[in-house]
S.K.: 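I'd like to ask some things about the structure below.
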Amino acid sequence: MILLHADGSRTTADLRLLGTEDALTGIAWEAIGPDHPAIDDAPATVGLHLPNDVDVEALATDPTRFAFVVLHFPAFTDGRAYSQARVLRERLGYQGPIVATGELLQDQACYLKRCGFDTFALPDNEAADTLARGFNDFTTAYQATSSAELPAYRRRRAG
Amino acid sequence: MYQYDAIDQTIVDERVRQFRDQTNRYLRGELTEDQYRPLRLQNGLYIQRFAPMLRIAIPYGVLSTRQLRKLADIARTYDRGYGHFTTRQNLQFNWPKLETVPDLLAELASVEMHAIQTSGNCIRNTTSDQYAGVASDELEDPRPYCEIIRQWSSLHPEFAYLPRKFKIAVTASRTDRAAIRVHDIGLHLIENDEGRRGFAVYVGGGLGRTPIIGTRIRDFLEPVDMLSYLEAILRVYNRLGRRDNKYKARIKILVRESGAERFAEWVEAEWAKIRTGSLQLDDEDITRIQAFFQPPAYENLTDSAETDAQATADPAFRNWLQRNVIAHKQPGYRIVTVSLKDPGEAPGDCTAEQMERVAYLADEYGFGEVRTTHEQNLILPDVPHHALHAVWSALAELGLATPNHGMISDMIACPGLDFCSLANAGSIGVAREINDLFSDLDEQYDLGEIKLKMSGCMNGCGHHSVGHIGILGVDKKGEEWYQITLGGSAAEDAALGQRLGASVARDDIAPTIRKIVDTFAELREGEERFFDTVGRLGIDPFRQAVYG
């Protein structure tokens with residue numbers, strides 16, 4: 001699996017969901033689900049995998065203490081994880097990697113980045129090439145999101 | 001009107017480039033049909049019965065004459081010389097070729113227009129009062145707020161893949177000409193007891209197969225809080241709206257299933273967390289946009305005695321004045337409805353030549369601005385009283401002066417089975433037959449205001465559920481049948497029509513409408529409107545008359 005980062009760089013990693021495995025293996029890109037029994041003493045290298053219907057503010061555990069957070073797109077037309085990412089970044093102040101998994105099209109790349117995703121899990125280098133092409137679709141935006149601190153109406157006033 | 005700056009132009013240009021790439025990838029086979037569909041829909045492109053249909057955004061129904069001329073130009077170059085104005089104040093072209101759509105969009109971008117979010121499960125074109133800024137009964141011009149919403153909602157990264165489409169309407173008059181209570185969100189600018197202006201917020205209205213009248217979830221919202229409150233509603237909807245069944249995915253179902261009170265609590269809780277962030281507008285942010293909508297350089301005019309004399313002399317002109325011309329904020333000016341309801345044409349259709357001639361009139365007898373209405377007409381917003389006869393003559397020559405505004409023949413209709421792949425039944429032919437049965441204008445005037453609205457399927461693009469008379473096309477074993485509802489309204493007295501009874505066959509629909517209207521004429525008290533007669537007596541007498 002290729003992990004494409006927002007700056008275009010890539011790493012190869014095995015992103016696995018624990019709970020389907022026997023033990024924590026300590027590989028950096030392993031994640032556990034919110035109902036995993038070991039959630040409270042998961043090693044610092046383990047990430048948190050959140051289905052897109054959970055409220056990130058109502059978790060029993062603090063999501064920001066995880067090495068990374070995985071948010072999922074079961075279909076690219078299901079946009080719930082965009083809201084989760086923004087709340088994680090902008091409200092809970094999470095600064096670690098937010099990883100997008102699932103159906104990711106290059107046409108979403110700008111939206112994903114602007115909502116706070118900075119890592120994209122893709123099957124191969126070709127898929128990573130394709131998604132990366134979408135990073136530059138838009139060079140500006142109206143809204144303030146995690147990647148732009150000021151909305152257009154504030155930037156205009158600043159001149 | 002609003003003028004693009006570098007930010008607006010860059011966004012629109014980059015969207016054209018992105019869409020060109022998406023279309024090329026699709027044509028090369030790199031995007032599947034399923035992947036391309038949501039992408040093209042977010043840019044207003046449908047694949048229809050005969051050809052693609054492209055829907056172009058006309059933000060809150062305001063067009064410059066330069067833009068209207070460009071639309072005429074596009075109609076000739078890319079289509080068959082005409083376009084169709086819709087119930088969302090937009091324009092549809094029914095015959096463009098898929099390969100040429102990116103070029104067409106680039107032409108639009110050259111006049112500060114686009115097709116962004118005119119379809120798809122995202123925030124659609126914000127609609128408003130067609131008389132905004134010139135209405136004599138408005139509290140304030142709602143267009144600056146619409147423009148602020150347009151910018152906030154355009155390519156909003158979080159809300160591009162909602163459970164379902166999302167429509168916002170804004171009005172600032174007591175008379176609701178924007179149908180705000182049948183929108184996902186309706187904002188009504190009001191003055192509170194302390195004399196402060198703000199919005200009453202309605203949520204969860206909508207038409208389609210489950211028509212619902214929106215509920216007020218906040219009595220008063222400061223204008224500076226408008227965007228944070230909208231964002232809170234959208235976030236709650238994006239998280240909790242149903243995605244398991246597309247027919248239950250609109251926000252109206254979430255509001256109904258959770259209860260409006262509980263829904264409002266969720267919104268308020270979310271809002272409390274974002275209210276004071278960068279979404280909170282400053283007064284300066286609002287006044288900056290308001291500056292684009294300042295009144296034009298009106299002359300000091302009084303009404304013209306010559307126009308009055310012409311009205312006395314010519315009953316046709318007089319009829320038109322009475323029906324299609326209304327009061328203006330500014331003395332000596334009038335607001336003119338350009339009727340796209342010629343009995344021989346499909347409601348809302350407009351040829352390239354008509355567009356150009358209307359643009360000419362708006363320049364000659366106005367300030368270069370034209371409006372579109374959700375009732376599928378055009379508006380010349382600033383016609384001097386002394387020029388009314390000249391404008392009328394020019395419009396009459398073009399078939400645009402049918403003096404029927406608000407009458408039964410000023411009907412709303414979707415394109416129906418003739419163009420739309422969703423439709424179950426035709427609407428254009430039915431519209432013609434009904435028009436034939438009410439060809440006597442004097443009779444129409446006697447009948448007074450009757451809002452007839454017709455949809456070719458239960459998606460309800462023709463707003464049938466809120467027609468005083470609603471007609472819905474249904475499919476019965478491959479045949480076109482029609483269901484009738486009475487007593488609906490999309491205005492400040494918003495109500496859903498009640499079903500009259502079993503659906504009627506294609507051949508019977510126009511005569512049945514005739515029977516309903518005859519019954520009304522018998523039962524009516526004085527000058528009572530059709531809507532009020534139905535309200536007073538219920539639908540039983542009409543049911544009796546139709547079904548015996």
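Excluded from the calculations below are hydrogen atoms, water molecules and symmetry mates; all remaining heavy atoms, backbone and side chain alike, are included. The model shown is predicted, which means the values in this text are computed figures rather than measured ones. Numbers restart at 1 for each chain; the letters A, B, ... are given by sequence-line order, proteins then strands.
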S.K.: Which bit of B:Leu279 comes within less than 4.5 Å of chain A, counting heavy atoms only: side chain, backbone, both or neither?
M.R.: both

S.K.: For B:Glu222, is the CD atom crowded, meaning more than 12 foreign heavy atoms sit under 6.0 Å from it?
M.R.: yes

S.K.: If you count heavy atoms of other groups shown closer than 6.0 angstrom to CD of A:Glu126, is the number above 12?
M.R.: no

S.K.: Name the region of B:Leu39, side chain, backbone, both or neither, that has any atom closer than 4.5 Å to a heavy atom of chain A.
M.R.: side chain

S.K.: Relative to chain B, which segment of A:Glu57 carries a heavy atom at a distance below 4.5 Å: side chain, backbone, both, or neither?
M.R.: side chain

S.K.: Can you say whether B:Leu227 sits under 4.5 Å from chain A via the side chain, the backbone, both, or neither, judging by heavy atoms?
M.R.: side chain

S.K.: Need one label for B:Arg37: side chain, backbone, both or neither, based on atoms under 4.5 Å from any heavy atom in chain A.
M.R.: neither

S.K.: Please look at B:Asp8 and chain A and tell me whether the side chain, the backbone, both or neither of the residue comes under 4.5 angstrom of a heavy atom of that chain.
M.R.: both

S.K.: Strictly distance-based, threshold 3.5 Å: is any side-chain N or O of A:Gln143 a donor or acceptor partner for the main-chain N or O of B:Ser154?
M.R.: yes

S.K.: Does the distance from a Lys or Arg side-chain N to an Asp or Glu carboxylate O, for A:Arg156 and B:Asp285, drop under 4.0 Å?
M.R.: no

S.K.: Could you state the interatomic distance from OH (A:Tyr153) to CD1 (B:Ile286), rounded to the nearest 0.5 Å?
M.R.: 10.0 Å

S.K.: Is it true that A:Arg91 and B:Glu270 have a side-chain N and a carboxylate O under 4.0 angstrom from each other?
M.R.: yes

S.K.: Please look at B:Arg15 and chain A and tell me whether the side chain, the backbone, both or neither of the residue comes under 4.5 angstrom of a heavy atom of that chain.
M.R.: both

S.K.: Who wins among A:Glu103, A:Gln106, A:Gln108 for the most heavy-atom pairs under 4.5 Å with chain B?
M.R.: A:Gln106

S.K.: Check whether more than 12 heavy atoms from other residues, nucleotides or ligands sit under 6.0 Å from atom NZ of B:Lys273, and answer yes or no.
M.R.: yes

S.K.: Calculate, to the nearest 0.5 Å, the distance between atoms OH and CZ belonging to B:Tyr161 and A:Phe73 respectively.
M.R.: 10.0 Å

S.K.: Does any heavy atom of chain A fall under 4.5 Å from the side chain of B:Arg239, the backbone, both, or neither of them?
M.R.: both

S.K.: For A:Tyr111 versus B:Pro157, what's the shortest heavy-atom pair and its separation?
M.R.: CD2-CA, 3.3 Å

S.K.: Measure the spacing between CZ of A:Arg86 and CG of B:Asn238 and express it to the nearest 0.5 Å.
M.R.: 10.5 Å

S.K.: At what distance, to the nearest 0.5 angstrom, does CG of B:Leu162 lie from CZ of A:Arg80?
M.R.: 12.0 Å

S.K.: Relative to chain B, which segment of A:Asp53 carries a heavy atom at a distance below 4.5 Å: side chain, backbone, both, or neither?
M.R.: neither

S.K.: Can you name the closest pair of heavy atoms from B:Arg235 and A:Ser83 and give their distance?
M.R.: CG-OG, 4.0 Å

S.K.: If the test is side-chain contact (heavy atoms from CB on, under 4.5 Å), which one of A:Asp107, A:Thr77, A:Leu105 qualifies with B:Pro38?
M.R.: A:Thr77

S.K.: So for atom CG, which belongs to B:Asp283, do other residues, nucleotides or ligands contribute more than 12 heavy atoms lying within a distance under 6.0 Å?
M.R.: no

S.K.: Considering only heavy atoms, which portion of B:Glu231 lies under 4.5 Å from any heavy atom of chain A: side chain, backbone, both, or neither?
M.R.: side chain

S.K.: Go through B:Thr10, B:Leu281, B:Asp13, B:Asn121 and name the one with the most non-hydrogen pairs under 4.5 angstrom from chain A.
M.R.: B:Leu281

S.K.: Starting at CD of B:Glu158, measure out to SG of A:Cys115 and round the result to the nearest 0.5 Å.
M.R.: 5.5 Å

S.K.: Kindly compute the distance separating OG1 (A:Thr140) from CG (B:Leu155), expressed to the nearest 0.5 Å.
M.R.: 10.5 Å

S.K.: Less than 4.0 Å between a side-chain N and a carboxylate O, is that true for A:Arg155 and B:Asp5?
M.R.: no

S.K.: Counting a contact as any heavy-atom pair under 4.5 Å apart, which residues of residues 129-139 of chain A contact chain B?
M.R.: A:Asn136, A:Asp137, A:Phe138, A:Thr139

S.K.: What are the two closest heavy atoms between B:Arg150 and A:Tyr142, and how far apart are they?
M.R.: NH2-OH, 3.4 Å

S.K.: May I ask you to name which of B:Arg17, B:Gln42, B:Arg25, B:Arg288 has the most heavy-atom pairs under 4.5 Å with chain A?
M.R.: B:Arg25

